[in-house]
*Asks:* 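To start, I am sharing the structure in question, which I have written as structure tokens.
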Amino acid sequence: MQSGKIYILAIESSCDETSAAVLCNQKVLSNVIASQKIHFEYGGVVPELASREHQKNIVPVVDQALKKAGVDKEILHAVAFTKGPGLLGSLLVGSSFAKAFALALRLPLIEVNHMQAHILAHFIEEAQLNTSCHPSFPFLCLTISGGHTQIIKVLDYYNFELIGQTLDDAAGEAFDKTAKLLGIPYPGGPLIDEYAKNGNPLQFPFPHPQVAGLDFSFSGLKSSILYFIRDQTKLDSNFISKNLNDLCASVQHTITAILLDKINKAVQQSGINQIAIAGGVSANSYIRAKLQEMAQQKNWKVYIPRMEYCTDNAAMIGITGYFKYLKKEFAEQSTAASARLEL
Ligand code: KG4
Ligand code: ZN
């Protein structure tokens, strides 16, 4: 393994965030994120528009990341980029840029799996909210994002075992689709979180899916919310506006209970009681608070990342790139982006 200071430029472009970061070993020197506002009026990410926005953003975002870090591109050791999973057109912009940049500067190229990166974000220096330590191996990670819901046994920086996942919608989709039903603009997750702060989580009980083992299902919840709202608005056309806070709090409570129930099962089955959460939905304040509450009751150790390392960001690509650099896991120029890359 190489010691000393390793400088890595990282690029993330899997969905609707164009991000570039510069890391020195596990320390983030800059983490620039351009969030695309263009999708707002469409109520969801429009893939073709996302690719075009990435094309507009990528050069200024990388430029800013290098300037903010105070790092000249000549001292970089490698370029890391998101290979997948994600939107193919969006991934192509980041991967093409990374390849060209690496080729021009004769730097090694490192391809990164976006889902592994969400997990390894926990190893960024100062990644944690309440502790300066990082999880030790093995630990369980609940990765909850717009496209994925997974429980992963993390054996080390390079070995991940998927032990549970959603059979249909992801937790983030449950938030975003509920928001759409309630007339809340995209992405609904953060707004549901806000409205729920003034609502009663037990006001409207929604059913929990019965799914065997450690897998999840969220599509039934979406349908029951849809039918409930349809029936209630027939009785009172202002039902949503009168009950918005309680509706948000109740849905959020149900999603949280489903997630925590499975994590509890995973702890029992694996005997591992170190839990990390990752992905955009792990920014949710209720999930964070309830997990901490449960951990105290059950004597688990939990790792909750800072907000900026929950939602999509290039720093997490950089930290994963750093660990791959240590093992000299470099990619060829012929490598291709992959929309459906497995963990
Ligand atoms: O990890 P991420 O940024 O992108 C993907 O890789 O998918 O996750 C995005 C998801 C969206 O569904 C968004 O609504 C959700 O994370 N999200 C939240 C919160 N912040 C972001 N969901 C609930 N509460 C939040 N505070
Ligand atoms: Zn993500």
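The structure displayed is predicted, hence computed values, not measured ones. Both counts, for ligands and for their atoms, begin at 1 and track the order of listing. Start at 1 with the first residue, then count along the sequence.
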*Asks:* If you measure from atom 11 (C) of ligand 1 to every heavy atom of Asp176, Ile255, Leu191, which option wins on shortest distance?
*Replies:*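 It is Asp176 that holds the nearest heavy atom.
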*Asks:* Is the Phe123-Phe137 ring centre distance short of 6.0 angstrom?
*Replies:*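 Here the rings of Phe137 and Phe123 have centres that are less than 6.0 Å from each other.
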*Asks:* Could you see if Trp300 belongs to whatever hydrophobic cluster contains Val154? Use Ile, Leu, Val, Met, Phe, Trp, Tyr and a side-chain cutoff under 4.5 Å.
*Replies:*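 In one cluster: no.
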*Asks:* With backbone taken as N, CA, C and O and side chain as the heavy atoms from C-beta onward, which portion of His114 lies under 4.0 Å from ligand 1: side chain, backbone, both, or neither?
*Replies:*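 Under 4.0 Å from ligand 1, His114 contributes side-chain atoms alone.
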*Asks:* Which of these, Gly147, Pro190, Gly279, has its nearest heavy atom closest to atom 19 (C) of ligand 1?
*Replies:*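 Heavy atom nearest to atom 19 (C) of ligand 1 belongs to Pro190.
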*Asks:* Judged by non-hydrogen atoms, does His148 sit under 4.0 Å from ligand 1?
*Replies:*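 It does not; every heavy atom stays at 4.0 Å or beyond.
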*Asks:* Before we go on, tell me: are the rings of Phe239 and Phe204 under 6.0 Å apart, centre to centre?
*Replies:*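 Here the rings of Phe204 and Phe239 have centres that are less than 6.0 Å from each other.
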*Asks:* Please list, in number order, the atoms of ligand 1 under 4.0 Å from a heavy atom of Gly189.
*Replies:*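 Heavy-atom distances to Gly189 below 4.0 Å select 14 (O), 18 (C), 19 (C), 22 (N), 23 (C), 24 (N), 25 (C).
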*Asks:* Going by heavy atoms in the side chains, are Phe175 and Gln252 under 4.5 Å from each other?
*Replies:*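 Yes, at least one pair of side-chain atoms sits under 4.5 Å.
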*Asks:* Centroid separation under 6.0 Å, is that true for the rings of Tyr186 and Tyr42?
*Replies:*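 For Tyr42 and Tyr186, the ring centres are not under 6.0 Å apart.
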*Asks:* Is there a side-chain contact between Ile184 and Cys248, using heavy atoms and a 4.5 Å cut-off?
*Replies:*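 Contact flag for Ile184/Cys248 side chains = yes.
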*Asks:* Answer with yes or no after comparing the ring centroid distance for Phe139 and Tyr303 against a 6.0 Å cut-off, counting only values under it.
*Replies:*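 When the ring centroids of Phe139 and Tyr303 are compared, they turn out to be at least 6.0 Å apart.
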*Asks:* Suppose I only count heavy atoms of Thr311 and a 4.0 Å limit; which atoms of ligand 1 are within that range?
*Replies:*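 This gives 3 (O) as the contact atoms.
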*Asks:* Taking the six-membered ring of Tyr195, is NZ or CZ of Lys197 closer than 6.0 Å to its centre and within 45° of its axis?
*Replies:*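 Negative - Lys197 is either too far from the ring of Tyr195 or too far off its axis.
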*Asks:* So is His118 polar-close to ligand 1, meaning N/O to N/O under 3.5 Å?
*Replies:*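 For ligand 1, there is an N or O atom that lies under 3.5 Å from one belonging to His118.
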*Asks:* Side chains of Glu12 and Thr82 only: does a donor on one sit below 3.5 Å from an acceptor on the other?
*Replies:*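 Yes, a side-chain donor-acceptor pair sits under 3.5 Å.
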*Asks:* Going by distance only, is there an N or O of Asp193 that falls short of 3.5 Å from an N or O of ligand 1?
*Replies:*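 Yes, at least one N or O pair falls under 3.5 Å.
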*Asks:* Show me which atoms of ligand 1 lie under 4.0 Å from any heavy atom of Gly280.
*Replies:*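 Selected atoms, number and element: 1 (O), 2 (P), 3 (O), 8 (O), 16 (O), 17 (N), 18 (C), 19 (C), 20 (N), 21 (C).
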*Asks:* At less than 4.0 angstrom from any non-hydrogen atom of Gly146, what atoms of ligand 1 do you find?
*Replies:*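 The list of qualifying atoms is 5 (C), 7 (O), 8 (O), 9 (C), 10 (C), 12 (O).
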*Asks:* We want to know whether Ser19 and Asn313 form a side-chain donor-acceptor pair, criterion being a heavy-atom distance below 3.5 angstrom.
*Replies:*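 Per modelled atom types, Ser19 and Asn313 side chains form no pair under 3.5 Å.
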*Asks:* Does any N/O atom on Asp312 come nearer than 3.5 Å to any N/O atom on ligand 1?
*Replies:*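 N/O-N/O distance below 3.5 Å exists for this pair.
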*Asks:* Using a distance threshold of 2.8 Å, what protein N/O/S atoms lie below it relative to the Zn ion (ligand 2)?
*Replies:*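 Short answer, with waters excluded from the count: His114 NE2, His118 NE2, Asp312 OD1.
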*Asks:* May I ask you to check whether Phe175 has an N/O atom sitting below 3.5 Å from an N/O atom of ligand 1?
*Replies:*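 In fact, backbone or side chain, Phe175 has no N or O that close.
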*Asks:* Val32: which other cluster members, linking ILVMFWY side chains closer than 4.5 Å, directly or transitively?
*Replies:*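 Answer for Val32: Val61.
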*Asks:* Hey, which atoms in ligand 1 end up nearer than 4.0 Å to a heavy atom of Gly172?
*Replies:*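 Within the 4.0 Å cut-off of Gly172, ligand 1 contributes 12 (O).
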